[in-house]
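Report on the structure given below.
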Amino acid sequence: ATCNTRLAYLTSLREMTIIEGTNESENKVTISTDLEPAFVALGPSHLATGMNNRIWFYSCADQASAQCVNEQEYIGSVESVSLNGTHACVLIMA
């Protein structure tokens, strides 16, 4: 997943890494997720990971604040997620 010049990728089955541009060593944020995600979305300061009808939102502005800030369950399977600075847009299949 990408947002501006940031890139989020799966480091292991339950770990996401977020880097700024091509400089992997600077401003690198590593987040341990609750499960292996089926989908991922990256916003300016948050990462969304999920599977089926559940999404976990993580703060990812810097390594010190990298933690789960919200968990949301939807009535249908999540098809896609998009994040901006203040909102999450979730497309579900009902």
Side-chain angles (χ1 to χ4, degrees):
T2 62
C3 179
N4 298 326
T5 60
R6 299 178 84 198
L7 170 70
Y9 60 93
L10 199 59
T11 313
S12 66
L13 293 179
R14 292 182 50 202
E15 183 179 86
M16 296 292 302
T17 299
I18 302 159
I19 60 170
E20 182 71 43
T22 59
N23 189 356
E24 188 170 344
S25 60
E26 196 173 305
N27 295 331
K28 180 173 153 179
V29 177
T30 304
I31 297 173
S32 294
T33 61
D34 291 342
L35 69 144
E36 179 184 2
F39 53 85
V40 176
L42 182 63
S45 58
H46 291 87
L47 173 76
T49 65
M51 179 181 280
N52 299 330
N53 66 336
R54 188 164 277 189
I55 302 177
W56 288 264
F57 295 93
Y58 298 88
S59 174
C60 64
D62 55 34
Q63 187 63 52
S65 67
Q67 64 180 354
C68 185
V69 293
N70 191 18
E71 179 182 341
Q72 190 71 39
E73 188 172 353
Y74 295 91
I75 59 172
S77 294
V78 176
E79 292 294 313
S80 67
V81 181
S82 296
L83 301 174
N84 69 15
T86 57
H87 291 82
C89 179
V90 179
L91 175 65
I92 62 170
M93 196 70 162

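One-based numbering along the sequence shown. Just so it is clear, the structure is predicted and the values come from calculations on it, not from any experiment.
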For the hydrophobic clusters of this structure (ILVMFWY residues joined by side-chain heavy atoms under 4.5 Å, transitively), does one cluster hold both I75 and V81? yes

Contact check, side chains of C3 and L83, non-hydrogen atoms, under 4.5 Å: no

Do D34 and Y58 touch side chain to side chain, with heavy atoms closer than 4.5 Å? yes

Indicate yes or no: at least one non-hydrogen side-chain atom of N53 is less than 4.5 angstrom from one of I92. no

Shortest non-hydrogen contact from A8 to I18? CB-CG1, 3.9 Å

So does R6 get a backbone contact from the side chain of N4, meaning a donor-acceptor N/O pair under 3.5 Å? no

R54 side chain vs E71 backbone, donor-acceptor pair below 3.5 Å: no

List the atom of A66, the atom of V29, and the distance in Å for their closest heavy-atom pair. CB-CG1, 3.8 Å

Drop me the distance from I19's CD1 to T30's OG1, to the nearest 0.5 angstrom. 10.5 Å

Do P37 and M16 have side chains that approach each other closer than 4.5 Å (heavy atoms only, starting at C-beta)? yes

Side-chain donor or acceptor of T17 paired with backbone N/O of T11 under 3.5 Å: no

To check you understand the geometry: which heavy-atom pair defines the closest contact between S59 and I31, and what is its length? O-CD1, 3.9 Å

Would you compute the distance between atom NE2 of H87 and atom OG of S82 and round it to the nearest 0.5 angstrom? 13.5 Å

Could you give the distance from CG (D62) to CG (N27), rounded to the nearest 0.5 Å? 9.0 Å

Which atoms form the tightest heavy-atom contact between L35 and T33, and what is the distance? O-OG1, 2.9 Å

Any side-chain heavy-atom pair of F39 and I55 under 4.5 Å: yes

